[in-house]
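Here the structure is a predicted model, which is why all the values come from computation and not from measurement.
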Amino acid sequence: MEPIPIQQARARYATLMEAPRGLLELDDPDDPRAALVPASALVFALGAWETFCEEALRAAAVGVVGAARRPEDLPRAIRETVVEIVGEPGEPWEHVLRRLGGSWHRVAIRHLGTSLEYRFRHFNTPSGGGVDRLADVVAGMAPISPRWPVVDGHPGADVLDDAIRRRGEAVHLARVAFGVDVVVPVLDLLDGIVDVTAETVARRIGHLPPVASG
C-alpha cells in the first residue's frame, strides 16, 4: 500500500487539475475573449504538477532520512544543511560527523524541515531535469524522468519542457499563440507523469519505517 503522503499528493493533484480542465470547456473559436483559455489552462496545470512534485519529494525525503541507519544514507541536501548549521564555515562533513558522534541521526531529523524549506523555495521549474536533480539531492533517488510516458515518439520530459517554455512565454511575454490542441495532450501527459512519479517514490519509501520522534 502506498504511503499516505503520496496518496494525498495524488488526490490534491487531481483536485487542482479540475480547474484547467474546466477552463478548456470554455474554449470558443468564435469568442475573442476565449483566446487566453489555452494559456490559462496550461499555467494552472503546470502549477498542479509543481505542487505534486513538491509534496511527493518531501515525502520521499522524510522517508529516506527517517530510515537512515548510517550517515552515508543521508541525502546530500541534509548533510549540507547540517554542516551549515552545526559546523564552521567550510568545515568538511566528516569533521562535523565526528563531532556529532551518535547524535547524527537526531540532528539530521531536527534540521530536515529547514533543509527542505530552502530547497523547495527555489524549485519553480518542474522540468524533467529539475525534478531529477531535486529527487537526487533531497532523497538520493535515481532519475525519474526517463520512466515518464512517451508522446508521439517524443520523451515525456521533452514535451514537458516545451510546455514549460510556452507557459513562460505566456506569462512573461504575453505570447499565447497556441490552442487547446496543444494543451490537451500536455494535461494527459501530466496525468501519466504523476502516476509514474508517485509509483517511483512509493517504491523508494514504501518499505521504510516512519521517522522516529526526538
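- Using a 4.5 Å heavy-atom cutoff, the side chains of Asp132 and Pro146 are in contact.
- Side-chain N or O atoms of Arg79 include one that pairs as donor or acceptor with a backbone N or O of Leu74 at under 3.5 Å.
- Between Arg76 and Glu80 there is a salt bridge, since at least one side-chain N of the basic residue sits less than 4.0 Å from a carboxylate O of the acidic one.
- If you take CD1 on Ile205 and CE on Met141, they are separated by 8.0 Å, rounding to the nearest 0.5 Å.
- Between Leu24 and Leu187, the closest side-chain pair of non-hydrogen atoms falls below 4.5 Å.
- Using a cutoff of 4.0 Å between basic side-chain nitrogens and carboxylate oxygens, Arg165 and Asp162 are scored as salt-bridged.
- Heavy atoms only, all atoms of each residue included: Leu116 and Ala61 are closest at CD2-CB, 3.7 Å.
- Rounding to the nearest 0.5 Å gives a distance of 6.5 Å between CG of Leu160 and CG of Leu189.
- Cluster annotation: Val182 is connected to Val159 through the hydrophobic network of ILVMFWY side chains, with a link wherever side-chain heavy atoms come within less than 4.5 Å.
- Between Val107 and the choices Thr81, Leu97, Leu100, the side chain to side chain contact (heavy atoms under 4.5 Å, CB included) rule is met once, by Leu100.
- Distance check, rounded to the nearest 0.5 Å: CG of Asp195 to CZ of Arg10 gives 4.5 Å.
- When hydrophobic clusters are built by joining Ile, Leu, Val, Met, Phe, Trp and Tyr residues whose side-chain heavy atoms come closer than 4.5 Å, directly or via intermediates, Ile109 is grouped together with Val82.
- Between atom CZ of residue Phe44 and atom CG of residue Leu23 there is a gap of 6.5 Å, rounded to the nearest 0.5 Å.
- For the pair Pro155 and Trp148, the minimum side-chain heavy-atom distance is 4.5 Å or more.
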Audit row: His111, Ile78, side chain to side chain contact (heavy atoms under 4.5 Å, CB included) steps and yes/no: CA-CA 8 Å; His111 298 300; Ile78 310 305; over 6 Å; no

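- The cluster map of Ile, Leu, Val, Met, Phe, Trp and Tyr, joined by side-chain heavy atoms under 4.5 Å apart, puts Leu134 and Val196 in the same cluster.
- Taking CZ of Arg12 as the start and CD of Glu55 as the end, the distance is 4.0 Å to the nearest 0.5 Å.
- The two residues Ala77 and Ser115 have their closest heavy-atom pair at O-OG, 3.1 Å.
- Clustering ILVMFWY residues whenever any of their side-chain heavy atoms sit less than 4.5 angstrom apart, transitively, puts Val176 in a cluster other than the one holding Val43.
- Within the 4.5 Å cutoff, the side chain of Val62 has heavy atoms near those of the Leu112 side chain.
- The shortest distance between side-chain heavy atoms of Ile164 and Arg167 falls below 4.5 Å.
- No more than 12 heavy atoms of other residues, nucleotides or ligands sit less than 6.0 Å from atom CZ of Arg33.
- Using modelled atom types, one side-chain atom of Asp73 and one backbone atom of Arg69 make a donor-acceptor pair closer than 3.5 Å.
- A distance-only check finds no donor-acceptor pair linking the side chain of Ser145 to the backbone of Ala157 [under 3.5 Å].
- A continuous path of hydrophobic side-chain contacts links Phe120 to Tyr13 [ILVMFWY only; heavy atoms under 4.5 Å].
- The pair Glu25-Arg21 does not meet the salt-bridge criterion, since no charged nitrogen lies less than 4.0 angstrom from a carboxylate oxygen.
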message: Would Thr51 and Glu54 count as a side chain to side chain contact (heavy atoms under 4.5 Å, CB included) here? Give the steps.
response: CA-CA 5 Å; Thr51 297; Glu54 293 188 6; 6.0 Å; no

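- His105 places a side-chain N or O within donor-acceptor distance of the main-chain N or O of Val65, the cut-off being under 3.5 Å.
- Across Met17 and Ala48, no two heavy atoms sit closer than the pair SD-CB, 3.8 Å.
- In this structure, Pro75 and Val137 approach most closely via the heavy-atom pair CB-O, 3.3 Å.
- Within 6.0 Å of CD on Glu169 lie more than 12 heavy atoms contributed by other residues, nucleotides or ligands.
- Counting only heavy atoms from C-beta outward, the side chains of Val96 and Trp104 never approach each other to under 4.5 Å.
- Ile193 has its side chain within reach of Pro149: a pair of non-hydrogen atoms, C-beta onward, lies under 4.5 Å apart.
- Of the possible donor and acceptor atoms, one in the side chain of Ser127 sits under 3.5 Å from a partner among the backbone N and O of Gly130.
- The shortest distance between side-chain heavy atoms of Val86 and Arg99 falls below 4.5 Å.
- Closest non-hydrogen pair, Ala56 versus Val201, comes out as O-CG1, 3.6 Å.
- Here Glu199 contributes atom CD and Ile144 contributes atom CD1; the two are 11.5 Å apart, rounded to the nearest 0.5 Å.
- With hydrogens and angles disregarded, a donor-acceptor distance shorter than 3.5 Å links the side chain of Glu91 to the backbone of Glu88.
- The aromatic rings of Phe52 and Trp49 sit parallel, their planes meeting at an angle under 30°, below the 60° perpendicular limit.
- Contact between Ala39 and Ala170 at its shortest, heavy atoms only, is CB-CB, 3.9 Å.
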